[in-house]
Amino acid sequence: MSKNVYVTTAIPYVNGAPHIGHTLDYLLADTYVRYQKKNGNTVRLQAGTDEHGNKIFKKAKENNIKVEEYVANNSKKFQDLIKKLGVEPTDFVRTTDEAHEKRVQEIWRRLEDHIYKSSYEGWYCEGCERFVPDSEYKEQNGICPDHQKPYEKLEEENYYFRIADFKDQIKEAIEKDELKILPEFRKKEMLKLLEDTPDVSISRPKKQLSWGVPVPGDGTQVMYVWLDALSNYITVLGYPDKDISDFWPAELQIVGKDILRFHSIIWPAMLLGLGLPLPKVLLSHGHVQTNGEKMSKSLGNVVDPLEVLDKYGLPAFRYYFLRHADTFLDADFTWEKYDAAYNNELANDLGNLVQRLATLCKKNNIVGLFDYQPKKDSSYCAMMDEFYFSKAFDYAWEKVSDLNKHIDDEKPWTLAKEGKTEQVVKVLTSLVKDLLDAADLLEPFLPETAEKINQIFKSENIAPPETPLFPKS
RNA sequence: CGCGGGGUAGAGCAGUCUGGUAGCUCGUUUGGCUCAUAACCAAAAGGUCGUUGGUUCAAAUCCAACCCCCGCAACCA
């Protein structure tokens, strides 16, 4: 029975070029999408860019470029990256799309029962155009370090979204895994957080924030990021103009750990307010660090994803970040580790396996198994169904390692020398089947590679590829 | 006392829920093989499981206290 599956990725804020961490979202989503497609399901994959807000407005100004142009350029960078990663979203949303803006305004209207106006009072820096928390105020002794000006007490009107109206419902949904938060320790964290979440401010005075969606019915206020950005998951499906029940609720929403809180609290509250069902799974992945340190501009250790992609190509990139980045924990990237993974694992384990087995087949005239149907593997499926992709990948890789052992155990070259032709054919055929099984498990992670393996071992005359799958560097 | 994660062989990690001879990968050393991308396979060396105390016949695993790393957050996407 085929079903509809909707998968979403977080929409990055386009105030700069893509960061290596953004790729995790896309790779994880893509892996799941491919797995679901293999299972015969119809999949819709969303991606997009978050393009409103002061930071972006200022950046554009600094660069002396129209803000519309600035966000378009940056959005393009993300779209290019997605393409390079071999990911093909069915839907791409930009929060500056007219359709999105109109739909968000309608969403606002539908939530109005839970929205109220109130004033916020706090320490404000004119230069930064922002409020600072009391702790920061104290730390800096009341003077903004960037502008050398004392903070001033300022009061401003904001619209607030009454989270309190939905707390109990959200709590129950999370506890019962109706809204399943992965990994488990994040679920605990979110439940704790939910308890003392205050109502959230969802607008800013227009004079302070001009680059955003106007609040319907109040020309003085503009929507603040959350209502605008989070809505993308459903506006892209056409809500509220269209019936979205074919694909909503989403099967899987993927976010970074830093924004999980908004997706576990504000987002469910919005959905409940709209009378929509909650997504089934919220998966939060970790961040990519380097040498155990956070990547940051100030530390000067930022790694450019495009540079990594260029070094060994896409399969190597997907391999590293899907297998060596634990699906749920922080990952560590260093060039040394990347090189080691490429040479020791992709080249020596898999690439060399394909080479030696293909050569053995060629020398012994083994015919390709062109209509072979790979076996289903229930352990693998269990891990994939639990969204533990890096574990499933490990499992698939074990099959690859085992094959290298089996070849050594069976010693087909010895059998051939002894003239045991029948046995050679039997042994090699069985090894090829095992390899095709392994390739099948690898397919969601390394589609290109799996395809190549299929081509080689399903063709009439099996022969090693002219250039090895993963040439050593 | 904000919340959370972690401290196990040179490195990276699993094992902790459900106590019972401490395991995997890389690296190192030695041996084997020759189908293969100087690849592959096998074996060995290497750990008082952060500290202290407790429970138990038995603790990496349970309990308590403490030390050390890291992440998130404080209306900053």
Side-chain angles (χ1 to χ4, degrees), chain A residues 10-16 22 49-56 95 120 122 128 130-137 139 158 160 183-193 195-202 204 224-226 228-230 255-263 266 284 286-287 289 292-294 323-324 326 328-330 332 334 336-337 340-341 343-364 391 394 397-398 401 403-417 424 428 431 464-465 467-473:
Chain A
I11 54 172
Y13 195 60
V14 291
N15 63 343
H22 291 121
T49 41
D50 179 11
E51 309 187 356
H52 287 130
N54 255 342
K55 275 195 176 174
I56 282 175
T95 54
Y120 175 80
C128 308
R130 69 173 190 118
F131 285 93
V132 299
D134 285 348
S135 55
E136 191 175 333
Y137 175 84
E139 225 170 84
N158 282 192
Y160 283 79
E184 182 77 16
F185 69 83
R186 295 279 173 219
K187 168 180 165 179
K188 283 188 212 151
E189 196 178 339
M190 291 306 126
L191 280 170
K192 222 141 251 127
L193 216 90
E195 276 173 34
D196 33 50
T197 295
D199 292 345
V200 290
S201 156
I202 52 169
R204 291 288 184 275
Y224 185 58
V225 58
W226 294 112
D228 177 14
L230 289 166
V255 299
K257 64 176 181 182
D258 51 328
I259 52 170
L260 178 64
R261 57 185 52 213
F262 307 106
H263 288 76
I266 304 177
S284 84
H287 286 176
Q289 307 184 340
E293 270 180 333
K294 186 170 164 170
R323 178 150 125 96
H324 290 300
D326 185 292
F328 300 116
L329 306 177
D330 287 341
D332 196 48
T334 63
E336 292 74 26
K337 284 185 183 175
N343 287 312
N344 299 345
E345 297 166 27
L346 280 172
N348 292 354
D349 288 350
L350 182 57
N352 181 53
L353 169 65
V354 168
Q355 210 70 14
R356 68 195 295 215
L357 190 53
T359 305
L360 281 165
C361 287
K362 187 181 180 184
K363 287 189 178 173
N364 294 285
K391 273 234 166 100
D394 278 342
W397 206 261
E398 260 178 54
S401 310
L403 264 163
N404 273 319
K405 286 189 186 97
H406 286 158
I407 296 184
D408 274 67
D409 290 345
E410 303 287 357
K411 299 182 181 40
W413 53 89
T414 308
L415 296 173
K417 270 185 202 156
V424 172
L428 287 177
L431 287 167
T467 46
L469 258 51
F470 302 103
K472 275 226 176 178
S473 65

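Naming convention: chains lettered A, B, ... in sequence-line order (proteins, then strands); numbering from 1 in each chain.
Contacts of A/Arg323 with the nucleic acid, taken as non-hydrogen atoms under 4.0 Å apart, are absent. Residue A/Leu193 is out of contact with every strand shown, counting any heavy-atom pair closer than 4.0 Å. Using a 4.0 Å heavy-atom cutoff across all strands shown, A/Ser201 reaches at least one base atom of the nucleic acid. Counting any heavy atom pair closer than 4.0 Å across all strands shown, A/Lys188 reaches no nucleic acid atom. Among the atoms of the strands shown, only primed sugar atoms or phosphate atoms (P, OP1, OP2) are found under 4.0 Å from some heavy atom of A/Tyr224.
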Pairwise N/O distances under 3.5 Å, protein to nucleotides 70-72 of chain B:
from, atom 1, to, atom 2, distance (Å)
B/G71, O2', A/Lys257, NZ, 2.3
B/C72, OP1, A/Lys294, NZ, 3.3
B/C72, OP2, A/Lys294, NZ, 3.1
B/C72, O2', A/Arg261, NH2, 3.4

Might you list the N or O atoms of the protein lying below 3.5 Å from N or O atoms in nucleotides 9-16 of chain B, with each pair's distance?
none

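Across the protein-nucleic acid pair, A/Glu410 atom CD and B/C33 atom P stand 18 Å apart, rounded to whole Å. Summarising the geometry, the separation between OH on A/Tyr13 and P on B/A77 is reported as 6 Å, rounded to the nearest angstrom. The distance from atom CG of A/Leu357 to atom P of B/A36 is 12 Å, rounded to the nearest whole Å. Taking atom NZ of A/Lys187 as the reference point, atom P of B/G5 lies 14 Å away to the nearest angstrom. Rounded to whole Å, the distance from NE2 on A/His263 to P on B/A73 is 14 Å. Rounded to whole Å, atom P of B/A77 lies 9 Å from atom CH2 of A/Trp226. Put simply, CD on A/Gln355 is 15 Å from C1' on B/A38, counting in whole angstrom units.
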Secondary-structure string, 5' to 3', Watson-Crick or G-U under 3.5 Å, | for another-strand partners, for RNA chain B: .(((((((.[[[[.)....(..]]]].(((((.......))))).....[[[[[..)....]]]]])))))).....

Where along nucleotides 39-44 of chain B does protein come under 4.0 Å, by heavy atom, of base (B) or sugar-phosphate alone (S), with - for untouched nucleotides? SBSS--

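By the side chain to side chain donor-acceptor pair (under 3.5 Å) test, A/Asn404 is found to be paired with A/Arg356, residues two or more places apart in sequence or in another chain being considered. The ring pair (Phe, Tyr, Trp, His ring centres under 6.0 Å) test applied to A/Trp397 returns A/Tyr319, not counting sequence neighbours.
Comment: A/Lys192 does not engage A/Glu189 in a salt bridge, judged by the lack of any side-chain N to carboxylate O separation of less than 4.0 angstrom.
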Please evaluate residues A/Asp394 and A/Arg323 with respect to the criterion side chain to side chain contact (heavy atoms under 4.5 Å, CB included), reporting the C-alpha separation (whole Å), side-chain torsions for both, the decisive distance (0.1 Å), and the verdict. CA-CA 7 Å; A/Asp394 278 342; A/Arg323 178 150 125 96; 2.4 Å; yes

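With rounding to the nearest 0.5 angstrom, the NZ atom of A/Lys187 is 12.5 Å from the CG atom of A/Leu260.
Looking at A/Leu350 and A/Glu345, their side chains never come closer than 4.5 Å, going by heavy atoms from C-beta outward.
RNA chain B is contacted by both A/Pro12 and A/Pro468; A/Pro468 maps to the nucleotide lying nearer its 5′ end (nearest heavy atom per residue).
Close to B/U34, at under 4.0 Å from its OP1 or OP2, lies no side-chain N or O of A/Lys411.
When the C1' atom is used for both B/A36 and B/C41, the distance is 13 Å, rounded to whole Å.
When each of A/Asn348, A/Leu403, A/Leu469 is checked for a side-chain contact (heavy atoms from CB on, under 4.5 Å) with A/Leu353, only A/Leu403 meets the rule.
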